[in-house]
Amino acid sequence: MDTLLQAEQLRADCLIRRDLEALRDMLCDDLFYIHATGIRHNKSQLLSFLENGPQFLTVGVTDPVSCLSGEYGVVTGGLQMSILRRGEAMPSLVSSWMSQIWIRSAESTCGWRLKVFQSTRQVFQDA
């Protein structure tokens, strides 16, 4: 597994563990994060959302593709998450497409920092 996909796997693990300190280390200070719902967060807003928001039970990328270009890396693929929203008894399965832009960072423990995250809900249509 390449280092970009390892960084994404670490991000997913941190979401499930709600490890905000590790996530803080992985996120660029000028993060631009767009959820599948259209909500946009910067770094501090995202960390606050994750601290007080839904519980991530599973997070996985399907058919990931990574591409490196100098100090930048891109990860795309399907994103499958099982989340438990506050006040709800049953988890929800969320399926979306996602694109990420990562920047190499010697200061980050995983060697990368997430700069841009864009997610779009998947729509399943009959052929």
Side-chain angles (χ1 to χ4, degrees):
M1 180 184 296
D2 70 36
T3 60
L4 267 178
L5 296 181
Q6 288 173 342
E8 168 49 30
Q9 183 61 56
L10 179 59
R11 185 189 77 88
D13 294 344
C14 288
L15 287 173
I16 293 167
R17 292 191 322 264
R18 207 178 285 241
D19 186 344
L20 300 180
E21 287 309 309
L23 281 168
R24 183 181 324 291
D25 178 63
M26 298 179 68
L27 303 175
C28 285
D29 289 339
D30 59 348
L31 176 72
F32 193 89
Y33 195 102
I34 302 174
H35 299 267
T37 57
I39 294 172
R40 179 186 172 271
H41 284 144
N42 61 30
K43 182 176 180 175
S44 64
Q45 291 167 330
L46 178 64
L47 291 169
S48 178
F49 169 78
L50 294 173
E51 182 176 21
N52 301 303
Q55 178 183 359
F56 292 83
L57 305 174
T58 63
V59 178
V61 177
T62 58
D63 300 319
V65 175
S66 66
C67 175
L68 296 174
S69 180
E71 297 302 304
Y72 292 89
V74 175
V75 176
T76 62
L79 182 61
Q80 304 290 318
M81 300 184 298
S82 176
I83 61 173
L84 184 60
R85 293 180 175 96
R86 295 207 183 269
E88 293 186 6
M90 298 296 297
S92 300
L93 180 62
V94 177
S95 298
S96 61
W97 301 111
M98 62 95 189
S99 298
Q100 304 172 342
I101 299 173
W102 294 80
I103 298 176
R104 287 188 196 272
S105 172
E107 292 84 33
S108 173
T109 56
C110 72
W112 293 94
R113 286 218 165 114
L114 183 63
K115 182 162 182 70
V116 176
F117 180 93
Q118 166 72 54
S119 180
T120 303
R121 288 199 192 249
Q122 290 182 359
V123 177
F124 299 96
Q125 301 176 6
D126 293 330

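Quick caveat: nothing in here was measured; it's all calculated off a predicted structure.
- Between the Ser99 side chain and the Gln118 main chain, no donor and acceptor come within less than 3.5 Å of each other.
- We find the OG1-CH2 distance between Thr62 and Trp97 to be 6.0 Å, quoted to the nearest 0.5 Å.
- Contact between Gln80 and Ser95 at its shortest, heavy atoms only, is OE1-OG, 2.8 Å.
- Of all heavy-atom pairs spanning Thr3 and Trp112, the tightest one is OG1-NE1, 3.1 Å.
- Here the straight-line distance linking atom CZ of Arg11 with atom CG of Asp19 works out to 13.5 Å at 0.5 Å rounding.
- Taking every heavy atom of both residues into account, Lys43 and Cys28 meet most closely at CD-O, 3.4 Å.
- For the pair Arg86 (side chain) and Asn52 (backbone), a donor-acceptor distance under 3.5 Å is present.
- No side-chain heavy atom of Gln45 sits less than 4.5 Å from a side-chain heavy atom of Leu31.
- Proximity of a side-chain donor or acceptor of Arg104 to a complementary backbone N or O of Gly70 within less than 3.5 Å is detected.
- Between Asn42 atom CG and Ser48 atom OG the span is 10.0 Å, to the nearest 0.5 Å.
- No chain of hydrophobic side-chain contacts below 4.5 Å, direct or via other Ile, Leu, Val, Met, Phe, Trp or Tyr residues, connects Phe32 to Leu114.
- Under the 4.5 Å side-chain heavy-atom criterion for grouping Ile, Leu, Val, Met, Phe, Trp and Tyr, Ile39 is not connected to Leu15 through any hydrophobic cluster.
- Hydrophobic cluster membership is shared by Trp102 and Leu68, with clusters built from Ile, Leu, Val, Met, Phe, Trp and Tyr side chains linked at under 4.5 angstrom.
- With a 4.5 Å cut-off on side-chain heavy atoms, Leu47 and Leu27 count as touching.
- Closest non-hydrogen pair, Leu10 versus Cys110, comes out as CD2-CB, 3.7 Å.
- Side-chain contact between Val94 and Met81 is present, with heavy atoms from C-beta onward closer than 4.5 Å.
- Taken together through direct or relayed side-chain contacts under 4.5 Å among Ile, Leu, Val, Met, Phe, Trp and Tyr, Val61 and Leu57 form parts of separate hydrophobic clusters.
- Between Phe49 and His41, the ring planes lie tilted relative to each other; the angle falls in the 30° to 60° range.
- Heavy atoms only, all atoms of each residue included: Phe117 and Leu79 are closest at CZ-CD2, 3.8 Å.
- Here Lys115 contributes atom NZ and Ile103 contributes atom CD1; the two are 4.5 Å apart, rounded to the nearest 0.5 Å.
- Atom-to-atom distance recorded for Thr76:OG1 and Ile101:CD1 is 11.0 Å, nearest 0.5 angstrom.
- A donor-acceptor contact shorter than 3.5 Å links the side chain of Asp25 to the backbone of Thr109.
- Cluster annotation: Leu46 is not connected to Val116 through the hydrophobic network of ILVMFWY side chains, with a link wherever side-chain heavy atoms come within less than 4.5 Å.
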Checklist entry - Given the rule in the side-chain contact (heavy atoms from CB on, under 4.5 Å) test, do Arg113 and Asp30 qualify, once you have shown the distances and angles that lead to the verdict? => result CA-CA 10 Å; Arg113 286 218 165 114; Asp30 59 348; over 6 Å; no

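- Note that CE of Met26 and CG of Leu23 are 6.5 Å apart. Values are rounded to the nearest 0.5 Å.
- For the pair Arg18 (side chain) and Leu50 (backbone), a donor-acceptor distance under 3.5 Å is present.
- Every salt bridge (charged side-chain N to carboxylate O under 4.0 Å, His left out) that Glu21 has, sequence neighbours left out, goes to Arg24.
- Nearest heavy-atom pair, Gln122 versus Ser96, reported as atom, atom and distance to 0.1 Å: NE2-O, 3.1 Å.
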